[in-house]
There are 4 protein chains.
Amino acid sequence: MEFRIDRSSGLPAYLQLVRQVREALRLGWLGPGDRLPTVRDVVARSGVNANTVLKAYRELELSGLVEARQGSGTFIKAGLGSTDPEVMAALRTRLAEWVREARAAGLDTEDVDALVRSVLADEDGDQVTAGEGVAVR
Amino acid sequence: MEFRIDRSSGLPAYLQLVRQVREALRLGWLGPGDRLPTVRDVVARSGVNANTVLKAYRELELSGLVEARQGSGTFIKAGLGSTDPEVMAALRTRLAEWVREARAAGLDTEDVDALVRSVLADEDGDQVTAGEGVAVR
Amino acid sequence: MEFRIDRSSGLPAYLQLVRQVREALRLGWLGPGDRLPTVRDVVARSGVNANTVLKAYRELELSGLVEARQGSGTFIKAGLGSTDPEVMAALRTRLAEWVREARAAGLDTEDVDALVRSVLADEDGDQVTAGEGVAVR
Amino acid sequence: MEFRIDRSSGLPAYLQLVRQVREALRLGWLGPGDRLPTVRDVVARSGVNANTVLKAYRELELSGLVEARQGSGTFIKAGLGSTDPEVMAALRTRLAEWVREARAAGLDTEDVDALVRSVLADEDGDQVTAGEGVAVR
DNA sequence: GTGGTCTAGACCACC
DNA sequence: GTGGTCTAGACCACT
């Protein structure tokens, strides 16, 4: 697994790490027993400080998703999204098609993002996971 | 326009405000000449501090999207690459269908979010606007 | 770099800071890679509040001139159309001569300032950077 | 006399008005007995609010430069820079030459401004009237 | 110890 | 009443 930290996003680095592990679990890229990259590894590849990585891993451990084993690494303990991989793949394919259409219509990534967040917010006042929703009267 | 602040998202409140204005512009909910809610209004409705709102509005002003007029309010100055509303609506409808399917398959909001981010990240290494991306080897 | 804040000038302190950094860039006193004084440093030396300094640095960052790195400081990211230092020095010398003359003729600083602004304003209706201009019919 | 207000300069509008009157006095454009434009006039031409103009005129009156005569207008009471007009003109000409040179060397207005402020600041620690000075160690 | 967010409250400038 | 500046101080994120 490879982490990508965007220093300009405003989201704290350690939360970006936590989030990326959770997403990998949801998507089935990671599962119980898998080993997370070592702290040293993440430091080398992403440039963040070791304490930042430790903080992220600690947080994951506290939420029960991960288990640190002294001397051997950090391992996934529990899964997250237990959706059937095939169903997931099918949904993904259809989503990708939609994105292609959107691109063709001239939308850039931020447009797409805005639309997605807006649609999710519309579902009867549901919370959008990333944080907000917009409503205009 | 109504703002929603999610204190648990990790994203700074003022950036949530900035983002929501930008999204409203992208979606065509707001356009040049429109007035943003007054600082005091936002304070009353969202509970954040006045300085936080001021900071958000100031960043919007510096980026050229908005113009503050002392004594009268803050106004939209420029649009943000707005796509044809009809095309937008069509895309939105199709997206909403997809989301319904995803829901039916048991995905929760965080799953949907992960999928979207993953698909956007896949498009030839493009950056995801919200900040990160996940790549698994 | 050392900042000087004049509380009686009417110009907001944070703008004085922004301006002084810009001027230092223009004059070649500062260049890419250089580190600005820490926020705490400026606070200690100039007496303004930390938030005021932060605000100035943030504006510089948004305008792309500077980059803040948490834990290590704020650094110059880009130059500002720097003219050849020798040419600059020559112009400076000649200007200094002119100022000496003006002083000898009895002009005080405010007179000199008024003259400069007036000459700059005269150049085909160009805008004076500091804000105003005077035209008498 | 014509006022020019720059809303983006950061300097309060009423101070811009005050400053412009003072400059006109310094440069000899205005002298004792001259009448300032009426408040109504300034409002019409510059777009600022009447109270803002009144505040500026009041401030000028408090500093003894101007005198308001009920029903007839506001008049210059005292001069400021009493430098010989011919000397002033000569200095102005030489300054204009210098500015032309600077322009030819590629400096823009902000560069020129920075140089001037820097030279004025250098005169043995003298205060620059507009507010600041920059010193780099 | 570095930058950054947020709050609370005072006071200013402008309409 | 509108936006804007500044202060003071608490707490967070990162090196």
Side-chain angles (χ1 to χ4, degrees), chain A residues 5 7-8 10-17 43 46-56 59, chain B residues 5 7 10-17 35-44 46-61 66-75, chain C residues 5 7 10-17 35-44 46-61 66-75, chain D residues 5 7-8 10-17 43 46-56 59:
Chain A
I5 301 303
R7 316 312 284 265
S8 71
L11 198 62
Y14 82 97
L15 285 180
Q16 293 187 35
L17 294 175
V43 167
S46 71
V48 300
N49 186 279
N51 289 324
T52 302
V53 183
L54 280 169
K55 181 167 183 180
E59 198 126 317
Chain B
I5 302 302
R7 316 312 288 266
L11 196 62
Y14 82 96
L15 285 180
Q16 294 186 34
L17 294 174
R35 194 180 117 159
L36 289 182
T38 68
V39 173
R40 290 160 173 82
D41 229 45
V42 178
V43 166
S46 72
V48 301
N49 185 276
N51 288 322
T52 302
V53 183
L54 248 348
K55 184 172 181 178
Y57 281 14
R58 175 65 172 161
E59 298 226 340
L60 286 166
E61 185 167 24
V66 128
E67 182 185 20
R69 296 185 209 139
Q70 267 190 299
S72 63
T74 302
F75 300 81
Chain C
I5 302 302
R7 316 311 286 266
L11 196 63
Y14 81 96
L15 285 180
Q16 293 187 34
L17 294 174
R35 195 180 117 159
L36 290 182
T38 68
V39 172
R40 289 160 174 81
D41 229 46
V42 178
V43 167
S46 71
V48 301
N49 185 276
N51 289 322
T52 302
V53 183
L54 248 348
K55 184 172 183 178
Y57 281 14
R58 176 65 172 161
E59 297 226 339
L60 286 166
E61 185 168 22
V66 129
E67 181 185 21
R69 297 185 207 137
Q70 267 192 301
S72 63
T74 302
F75 301 81
Chain D
I5 301 303
R7 317 311 285 263
S8 71
L11 199 60
Y14 82 98
L15 285 180
Q16 293 187 34
L17 294 175
V43 166
S46 71
V48 300
N49 185 277
N51 290 323
T52 302
V53 183
L54 281 168
K55 181 166 183 181
E59 197 126 318

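In what follows, chains are A, B, ... by sequence order, proteins preceding strands, each numbered from 1. Owing to the predicted nature of the structure, the values given are computational and were not obtained by experimental measurement. Only heavy atoms go into these numbers, but all of them, side chains included; no hydrogens, no water, no symmetry mates.
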[X] side chain N/O closer than 4.0 Å to the phosphate oxygens (OP1, OP2) of [N]?
X: C/Thr52; N: F/dT5; result: no
X: C/Thr74; N: E/dG3; result: yes
X: D/Lys55; N: E/dA13; result: yes
X: B/Tyr14; N: E/dT5; result: yes

In whole Å, what is the span from the [atom1] atom of [X] to the [atom2] atom of [N]?
X: B/Leu60; N: F/dG4; atom1: CG; atom2: C1'; answer: 16 Å
X: C/Arg69; N: F/dC14; atom1: CZ; atom2: C1'; answer: 13 Å
X: B/Glu61; N: F/dG4; atom1: CD; atom2: C1'; answer: 10 Å
X: B/Phe75; N: F/dT2; atom1: CZ; atom2: P; answer: 11 Å
X: B/Gln70; N: F/dG3; atom1: CD; atom2: P; answer: 10 Å
X: A/Leu11; N: E/dT5; atom1: CG; atom2: P; answer: 12 Å
X: C/Asn51; N: F/dC11; atom1: CG; atom2: P; answer: 15 Å
X: B/Glu59; N: E/dG4; atom1: CD; atom2: P; answer: 11 Å

For [X], which contact category applies under a 4.0 Å heavy-atom criterion: base, sugar-phosphate, or nothing?
X: C/Tyr57; value: nothing
X: A/Ala50; value: nothing
X: C/Glu67; value: nothing
X: B/Arg58; value: nothing

Okay, side chain of [X], backbone of [Y]: is any donor-acceptor separation there less than 3.5 Å?
X: C/Glu67; Y: C/Glu61; answer: no
X: C/Arg35; Y: C/Ser72; answer: yes
X: B/Ser46; Y: B/Val42; answer: yes

TODO: Verify side chain to side chain contact (heavy atoms under 4.5 Å, CB included) between C/Val66 and C/Phe75, making sure each step is shown before the conclusion.
DONE: CA-CA 5 Å; C/Val66 129; C/Phe75 301 81; over 6 Å; no
Task: B/Lys55 side chain reached by C/Lys55 side chain, heavy atoms, under 4.5 Å - done: no
Task: Position toward the 5' end of DNA chain F (nearest nucleotide), B/Thr38 or C/Pro12 - done: B/Thr38
Open item on the list: On DNA chain F, compare the nucleotides closest to B/Gly73 and A/Val48; which residue's is nearer the 5' end?
Closed with: B/Gly73
Task: Given DNA chain E, 5'-ward residue of the pair C/Pro37 and B/Asn49, judged by closest heavy atom - done: C/Pro37
Task: Nearest-nucleotide 5' precedence on DNA chain E, D/Arg7 against C/Val39 - done: C/Val39
Open item on the list: Applying side chain to side chain contact (heavy atoms under 4.5 Å, CB included) to A/Arg7 and C/Arg69, what does each step give before you reach the verdict?
Closed with: CA-CA 9 Å; A/Arg7 316 312 284 265; C/Arg69 297 185 207 137; over 6 Å; no
Open item on the list: Please determine whether any donor N or O and acceptor N or O are separated by less than 3.5 Å between the side chain of B/Arg40 and the base of F/dG3.
Closed with: yes
Open item on the list: If you only use heavy atoms from C-beta on, which nucleotide in E/dC6, E/dG4, F/dG3 is closest to the side chain of B/Ala68?
Closed with: F/dG3
- [ ] Walk me through it: do B/Val43 and B/Asn49 pass the test side chain to side chain contact (heavy atoms under 4.5 Å, CB included)?
- [x] CA-CA 6 Å; B/Val43 166; B/Asn49 185 276; over 6 Å; no
Open item on the list: If we check side-chain contact (heavy atoms from CB on, under 4.5 Å) with B/Tyr57, which of these qualifies: B/Thr74, B/Leu17, B/Thr38?
Closed with: B/Thr74
Task: 5'-to-3' dot-bracket of DNA chain F (Watson-Crick, G-U; under 3.5 angstrom; crossing pairs as [ ]; | other strand) - done: ||||||||||||||.
